[in-house]
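Both ligands and their constituent atoms are indexed starting at 1 by order of listing.
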Amino acid sequence: MNADLLITHASQLLTIPSHFNGPQRGDRLGDLGLIEDGALAIDGESIVAVGLTSDLAQRFSAAQTIDAGGRVVMPGFVDPHTHVVWAGDRANEFEQRIAGATYMQIMHAGGGIMSTVRQTRAASVDQLIEQTRARLDRMLMHGTTTAEAKTGYGLETQAELRMLEAIQRLDAEHPIDLVPTFLGAHAIPAEYKGREDEYTDLVVKEMLPAVASLITHHSSLFCDVFCEAGAFALEQSRRILQKAKELGFALKIHVDEFEPLHGTRLGVELGAVSVDHVVTTPADEIELLGHSPTIAVSLPGTPFGLAQCEYTPAQAILAAGGALAIATDLNPGTTWCESMQMIVALACRYLRLTQAQALAAATINAAHAIGRGGSVGSIEPGKLADALIMDVNDYRSIGYRYGTNLVRTVIKRGRIVYSNAGGLA
Ligand SMILES: [Zn+2]
């Protein structure tokens, strides 16, 4: 049989399969589907066969063969929660925080999220694309081949639509596939201070219908809300998500990052695809989540970035039978981290996941958390050929080692899009 590309001699080929066409749940998380001396055959954009090198090398005559040379080969990382599109930075605030200023003090001085909103509102679509492209490039070099991307730094209709346009244009031009999420309910903008219900009205009556016109039967769109004290209360979150659901959006919700507002219960009730953060979630809601199809997306980079001690109770979620994914939460305020490898390392330490569990949470479960579990997140015939050759020969080095890039080659839709195999110049 003919193929465009054959990758052979993976010391460990991690296929990381779906379970029953869904995520790996509960104590079954961590099924790597590991094949020793594994190989995969790629034709066009897709994987056509997976198996032993001895078998595939015989069956396929390939236009190009890459000998993985005894390295780990795995699916591209899927980053299911990012705020990757924004303008400017907040390095000065981080300096103030190290010196002891609180988040509230910085916000009252005109900083915080509104500082990013001001810079994003002032940016053209081209400027947003240019600044975001550099971040996507670094994500790709660190092995991310599919990512979710949220709006939410416009907080007015036209600025939110410009962010969506930036996401759509970057999805078309950049190797990373982007899944768009409308997050007009990210924060109450300064000009609506004390008039939270009026801003909620604006989201429900003006923004959602304007954005919904972009949903086609080819592409889905998520709607997300930041349900948190100081952002959107439970009832405001419910109004927004209910309207979004009526308009055909798939749902996500930021819950329990700092204060439990029963957003997890709301997300499960409304059939949200994911609830994200899930740090201070009460035990009964974890139980509810565990019995639902809603996926918990943990963002361990955020407490790490804020130097806080409380992380997602991942063991309790798994004990309840829940599905867990992990993501960067890449954003300019709390965690500017473009590397899913770093998130795997944090998840092993603070969520107490094994390396195998963390890798499944960062690939197949992450894909299901953004509705792409049928096309990416695992190395299985019929799926997009998104694969990484890692510069290690044992998967347990991923998560154990951190702070350097262990990716050697990135293949996206069957094409080599990054390689550091050449070494130093
Ligand atoms: Zn977020």
Would you please say whether a donor-acceptor pair under 3.5 Å links the side chains of T335 and D329?
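D329 and T335 do not have a side-chain donor-acceptor pair below 3.5 Å.
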Could you check whether T281 and D256, counting side-chain N and O atoms only, form a donor-acceptor pair closer than 3.5 Å?
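There is such a pair between these side chains.
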Do the side chains of D224 and K252 get close enough for a salt bridge, i.e. N-O under 4.0 angstrom?
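A salt bridge is absent here (no side-chain N lies under 4.0 Å from a carboxylate O).
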Identify whether the distance between the nearest side-chain nitrogen and carboxylate oxygen of E235 and R238 falls below 4.0 Å.
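Salt bridge flag = yes for R238 with E235.
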Please name the atom of [X], limited to N, O or S, that comes nearest to the Zn ion (ligand 1).
X	value
H81	NE2
H83	NE2
D329	OD1

Should the pair R135 and W336 be classed as cation-pi, given the thresholds of under 6.0 Å to the six-membered ring centre and 45° from the axis?
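Yes, a cation-pi geometry holds between R135 and W336.
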Could you tell me whether any N, O or S atom belonging to H186 is less than 2.8 Å from the Zn ion (ligand 1)?
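Here the distance criterion (N, O or S atom, under 2.8 Å) is not met by H186, so no.
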Regarding H277, does it place an N, O or S atom less than 2.8 Å from the Zn ion (ligand 1)?
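No, since none of the N, O or S atoms of H277 sits under 2.8 Å from the Zn ion (ligand 1).
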